Structure formats: structure tokens, C-alpha cells
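Everything on this sheet refers to the single structure shown next.
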There are 2 protein chains.
Amino acid sequence: MELYAEHGFEQTTAAEIAERAGVTERTFFRHFADKREVLFAGSSDLQDAVVSAIGAAPAGVKPIDAVLAAMEMGASLLPNREYSRQRAAVIAANPSLQERELLKFSTLADAVAEALRRRGVPNLTASLAAEAGVTVFKIGFETWIADDSTGDFAQCIRDALDQLKALTAGA
Amino acid sequence: MELYAEHGFEQTTAAEIAERAGVTERTFFRHFADKREVLFAGSSDLQDAVVSAIGAAPAGVKPIDAVLAAMEMGASLLPNREYSRQRAAVIAANPSLQERELLKFSTLADAVAEALRRRGVPNLTASLAAEAGVTVFKIGFETWIADDSTGDFAQCIRDALDQLKALTAGA
DNA sequence: TACGCTGATGTCAGTTGCTGTCATCAGCGT
DNA sequence: ACGCTGATGACAGCAACTGACATCAGCGTA
């Protein structure tokens, strides 16, 4: 993060990261699949928590509500706002990092959909609920780290879902 | 596409693609930013069509309906189902290609949101409507190329949106 | 026709991300 | 003391890209 924020992602070589960490470049690539993965090390923890939260929801809870609760819970696992903002800035400055982040979200959505299906939610419904959940998480995150944001992350997510509901409500 | 489908994406070198095309490797990289971009050459056409479709919607149309119409229109620009299926299989077999596809969809969503804002749609609403539209496009596409699919692409998209509406409807 | 401009291509060298392979070495149980 | 195992270092190598320069075809113009 230090090197990426200071010199930019592309200008930072793997050798420099390894040197800063006091190891060899080869060792660096044993710990991280590639240069980008460094910024997404904790994403599997988030996914595990969200998936287990879905599984722990009481029976009878509607899919979208189970997903919302899981996302709010996952929101509490993120680092503080200042760090999140800096990390987001690094990612926003580089397309290949955006690609990786999108893949992580996509993988998360697939895992959420799978967790819903295990609860008996039909195939298409599970996929759509999962995608909707990830979308409100993403948009809620953007709102949260925006300069004029005041509320907490979970509130931002709820607001986004309310907006989505209003949007899709038939006329 | 031929080489990717035959030997796989990673097993195909840029030199081989260039040779097949009768040009130098350097020339190949002058036409495509990287190895992956070959499979996404037409994505900007799709984006342009969708964005202009949003702009052409009659005033007073609700955002979600304008987006739906634009997505149905964009659906008609894709190649036939057999080719789309083969291309999807190549992408599904390689994570880095999935990343690129996700980035294209994300860029499309941003462009759609921007087009909505030009129509006076509020910021957050525009983002959510755009994301919802891309989601139903993606899920509709998956349904369309599924083995047991019968209807056309536009119908798959409408079905996905109907499901999403049912999902987000309050109890 | 000769000239000069422009855009596309070829050539070549170089950097960097990433990988396979083998040696080394610390820790740890027997 | 011995052997096993997991982590690391050392090294060579491949392939994706990039920058710089030369070449060449086409094309308008004097």
C-alpha cells in the first residue's frame, strides 16, 4: 500500500515490494499470486463471513432481506474509512486493479447465490438477489467514502437498497 | 477466437496470433492493447448503441424502463447464439478474461448512469438503475445461452427484470 | 515526374511479471 | 545425531508488452 500510494501501482516493481518486505521477489510471488493480489488479501474473509451470515439467517426470511443483513454484517469487517478511502483511490487509479476488484465482487456474488440456493431459493432468484446485494454493497461503499458522507457504512447500504426498491417498483 | 478455442487462452502466445494474422507481434499490439482485448473489440459499439438509446427515450419514461429498452436494443447487436456461446466458453475458462469482461460491463454501467444523469435522473438513482440494467443484461445473457433456453435474448432480459422486481417488492 | 508528407508496418533491444527447479536452512520430533 | 518438512534463496527462462528507429506504400502537390 505504501509503495502503491506513493509511486503508483505500475511504477512499483515486484522487486521493490519484496525489498521493502525484506524478502526475495520469488518469495513475494509465493505469498501472492500476482502483484495485484496484495490489495485483496482480506477478501476471502469477507466472503466467508457473508456466506455464513446467509446460512445463519432464520428460515422464512426473504432472500433479499437475508442478503441485506449479510452485507451489513460484512460492512463491519472493513477497515476504517480513511484507510478504505486511500485503498479505493489506489484502485481507482489503475484499470487492472479495478478488474481484480470486480472479479472479487463477482466471486462474492456467486458465493452468495450458492448460499441462497442451499436455502431452497430458486436458481434465477438466487442469482438476482446476490447481484442486487453486491450492487447495494458497492454503491453503499462509494457513498460511504464520498467526501460529503455522514452516516455509517451499514446505513449507506440500507439507503441504497431502499432506492433500488423504489426504482424497480412498478408504476 | 480459433486459437483460443483450440489451445486455450494461456497456451496461445501473442506471436502465434500475429503469425496466424500474417503480421508481426509488434503490429498485433498496435491493434489491440493486450492479448485479452481481442475478444472485446466490439464492446464499444454496444456501449455507444445503449447510451444513444437511453438518450433517445421519450421524456417522462422512468429510468428503469429506459434502461430496459436500451438493453433490449443492445441485445440485438450481439452475434448469433452459437458464436456467443463459444465465446462465453472461452471467457469462462480463464479468470483474466472474466476480469476484462467484468470491466467492460462496469464501464458500460458507468456510461449508462451518465446518460441517465444527462436526462435529469438523480445521482444515486442513476447509478442503481444502470447497475440493475447491466445485471439483468448479464443474467439474461446467461439464461439465453443456457442449454435449455428457448426464447430470444430480449425476452430473457425482460424475464430477469420481472424477477428482480418481484424480489425487491416489499412484503 | 519528382518531391515530401503521412500512416502503417517491420526490426530490435529492453523491462517486467511470473514460473520451474534446485539448493539451503531452520525448526522439530524421534 | 538423524531425518523430515516447510519456507526461503538463487538462478535461469518464458512471454507479455514497450520504446525507438528504419522502411515503405500511398497520395497530394509543385
Side-chain angles (χ1 to χ4, degrees), chain A residues 1-45 47-48 86-108, chain B residues 1-45 47-48 86-108:
Chain A
M1 266 289 292
E2 292 172 12
L3 291 170
Y4 288 167
E6 188 176 353
H7 306 114
F9 174 76
E10 289 188 343
Q11 279 63 43
T12 306
T13 68
E16 289 171 347
I17 305 175
E19 184 187 5
R20 174 75 63 101
V23 296
T24 312
E25 189 181 342
R26 189 65 183 88
T27 298
F28 169 77
F29 282 113
R30 286 198 181 96
H31 286 269
F32 302 98
D34 56 56
K35 233 179 93 179
R36 295 175 278 166
E37 199 63 17
V38 188
L39 287 175
F40 302 92
S43 68
S44 73
D45 292 341
Q47 175 169 323
D48 293 345
Q86 186 178 1
R87 178 175 171 280
V90 171
I91 293 174
N94 190 281
S96 73
L97 291 175
Q98 299 170 36
E99 288 188 342
R100 180 57 50 87
E101 184 170 50
L102 290 168
L103 184 65
K104 295 296 183 184
F105 277 130
S106 178
T107 304
L108 173 61
Chain B
M1 266 289 292
E2 293 173 11
L3 290 170
Y4 288 167
E6 187 176 355
H7 307 114
F9 174 76
E10 290 187 343
Q11 277 64 42
T12 306
T13 70
E16 289 170 347
I17 303 175
E19 184 186 6
R20 173 75 64 102
V23 297
T24 313
E25 189 180 343
R26 190 67 183 88
T27 298
F28 169 76
F29 283 113
R30 283 198 183 98
H31 286 267
F32 301 97
D34 55 56
K35 233 180 92 180
R36 295 175 276 166
E37 199 64 16
V38 188
L39 287 175
F40 302 93
S43 67
S44 73
D45 292 340
Q47 175 168 324
D48 294 344
Q86 185 178 2
R87 179 175 170 279
V90 170
I91 293 174
N94 191 280
S96 72
L97 291 175
Q98 298 170 36
E99 288 187 344
R100 179 56 51 85
E101 185 170 50
L102 290 168
L103 184 66
K104 295 296 182 184
F105 278 129
S106 177
T107 305
L108 173 62

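Values below: every heavy atom of this structure, side chains too, minus hydrogens, waters and symmetry copies. Predicted, not measured: the structure shown is a model, and the values here were computed from it.
The backbone N or O of F9(A) sits less than 3.5 Å from a side-chain atom of K35(A), completing a donor-acceptor pair. When atom types are taken as modelled, the side chain of T107(A) and the backbone of L103(A) share a donor-acceptor pair closer than 3.5 angstrom.
Rounding to whole angstrom units, CD of residue E10(B) and P of dG17(C) are separated by 18 Å. Across the protein-nucleic acid pair, E19(A) atom CD and dA10(D) atom C1' stand 17 Å apart, rounded to whole Å. Atom pair Q11(A):CD and dG17(C):P shows a separation of 11 Å (rounding to whole Å applied). Separating the CZ atom of R100(A) from the C1' atom of dG17(C) is a distance of 13 Å, rounded to the nearest angstrom. Here the P atom of nucleotide dA15(D) and the CZ atom of F28(B) are 15 Å apart, to the nearest Å. Nucleotide dC12(C) holds its P atom 13 Å from the CD atom of E25(B), rounded to whole Å. Distance, E16(A) CD to dG17(C) C1': 13 Å, rounded to whole Å. One interatomic measurement links the two molecules: NZ of K35(A) to C1' of dA16(D), which rounds to 13 Å at whole-angstrom precision.
Side-chain atoms of R26(A) lie closest to dG20(C) of the nucleotides dG20(C), dT11(C), dG17(C). Side chain of T13(A), nearest nucleotide from dT16(C), dC17(D), dC18(C): dT16(C).
In a base pair of the Watson-Crick type (N1 to N3 plus N6-O4 or O6-N4) or a G-U wobble (N1-O2 and O6-N3), with each distance short of 3.5 Å, dA16(D) is matched with dT15(C). Across all strands shown, dC28(C) forms a Watson-Crick or G-U wobble pair with dG3(D), both key distances being under 3.5 Å. When both distances must be under 3.5 Å, the Watson-Crick or G-U wobble mate of dT1(C) is dA30(D).
T27(B) comes within 4.0 angstrom of sugar-phosphate atoms only, judged by non-hydrogen atoms across all strands, and of no base. Residue contacts for T12(A): at a heavy-atom cut-off of 4.0 Å it reaches the sugar-phosphate backbone alone, with no base atom in range.
Along DNA chain C, the nucleotide nearest F32(A) and the nucleotide nearest V23(B) are compared for position; the residue whose nucleotide lies closer to the 5' end is V23(B).
Within 6.0 Å of the CD atom in E2(B), the count of heavy atoms belonging to other residues, nucleotides or ligands does not exceed 12. Atom CD of E16(A) is surrounded by more than 12 heavy atoms from other residues, nucleotides or ligands within 6.0 Å.
For the OP1/OP2 pair of dA7(D) and a distance below 4.0 Å, the side-chain nitrogens and oxygens of H31(A) include no atom meeting the criterion.
One finds a salt bridge joining K104(B) and E37(B) here, because a Lys/Arg side-chain nitrogen approaches an Asp/Glu carboxylate oxygen to under 4.0 Å.
Not a single donor-acceptor contact under 3.5 angstrom links the side-chain atoms of R30(A) to the base of dG6(D).
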